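The structure appears below as structure tokens.
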Protein chains: 2
Amino acid sequence: MSEGHTDVTTDPLVSCAEDCGVRDVQDRLGDKWTVHVVVELAPGPRRFRELQRLVTGVSQRMLTLTLRRLERDGLVSRTVYPTTPPQVEYALTETGHSMTHLIGQLVDWSLDHRAVIARAREEWDTRTTA
Amino acid sequence: MSEGHTDVTTDPLVSCAEDCGVRDVQDRLGDKWTVHVVVELAPGPRRFRELQRLVTGVSQRMLTLTLRRLERDGLVSRTVYPTTPPQVEYALTETGHSMTHLIGQLVDWSLDHRAVIARAREEWDTRTTA
DNA sequence: CCGGATCCCGTATGATACTG
DNA sequence: CAGTATCATACGGGATCCGG
């Protein structure tokens, strides 16, 4: 399906409503921490504590939840080394790595249109406030 | 910035935490109706009622909210024809159209990895339940 | 036809304290 | 270090009624 899809404007992209798996990806991309975590894991494996330092602002709880969801979907692998103190290493799987390209598209588009969106938003706000 | 970005795994994609505009796009892509609405607007302008029929399951309230947010960000234009009964036409702006390509990437990736994710999820669920 | 106003609920997120 | 448990809160989203 992927290679045959070139013209977005003439193709009913989402003919399936909720059940074609797009929703799941949207949820990941849309939540607050997943993108950051994946980005930090992209260069290589990281330990829990390292991730928490790298992903600024994330709480222990949310980092755990985010990693669990990614692990559940097979995007992140979790390796426990039975040392003292315990040591757990998280790494992107092959599928997880392929997601970084998608995230790259997202980030690129966001940066490319950031200014235009910001300006439109300001304009709209002043127009509706006044 | 976009063309210079080819290797995701060696590039700190999101060095800015919350304030680089990526969050806004994530919110749009992540919410329940925006993607559907944009997809339905991709082929051409639509009236409110048409959209509500096309986007199955959306309530009047959520369709309005979704369109307002898109309009605020300059992704959708709203044209009112002062007829009786009133007639309002929604259309993608140029920026909005460029977003359909991003959505295309999202949908393609989701479909390509749908099976793998679903299997990983099943496996994880049975493993954690047992 | 278009959409604003109101009420209500489930879930995502955050803060904090506690364990192996 | 790497979590888990609990409580509190905010926000998205659904249902419904009303107005231009």
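Model, not experiment: these values are computed from the prediction. Note on naming: letters A, B, ... go to the chains in the order of the sequence lines (proteins, then strands), and numbering restarts at 1 for each one. FYI, side chains are in, hydrogens and waters are out, and symmetry mates aren't considered; it's all heavy atoms of this structure.
- Counting any heavy atom pair closer than 4.0 Å across all strands shown, A/S59 reaches no nucleic acid atom.
- Distances shorter than 4.0 Å separate none of the side-chain N or O atoms of B/Y90 from OP1 or OP2 on C/dC1.
- Donor-acceptor pairing under 3.5 Å is lacking for the side chains of B/R46 and B/Y90.
- Annotation: B/E50, atom CD; neighbour count of heavy atoms from other residues, nucleotides and ligands within 6.0 Å is above 12.
- One finds no side-chain N or O of B/R47 lying less than 4.0 angstrom from the OP1 or OP2 phosphate oxygen of C/dG3.
- Listed nucleotides D/dG3, D/dC1, C/dG14 differ in distance to A/P85; the shortest reach to its side chain belongs to D/dC1.
- Between A/R28 and the choices A/T34, A/D73, A/T66, the side-chain hydrogen bond (donor to acceptor under 3.5 Å, both in side chains) rule is met once, by A/D73.
- Taking only side-chain nitrogens and oxygens, B/R61 never comes nearer than 4.0 Å to OP1 or OP2 of C/dC7.
- Neither OP1 nor OP2 of D/dA2 sits under 4.0 Å from any side-chain N or O of A/R78.
- Residue B/R49 places at least one side-chain N or O under 4.0 Å from the OP1 or OP2 atom of C/dC1.
- For A/R69, a side-chain nitrogen or oxygen approaches OP1 or OP2 of C/dT13 to under 4.0 Å.
- With respect to B/D27 and B/R69, no salt bridge is recorded, no charged nitrogen being found less than 4.0 Å from a carboxylate O.
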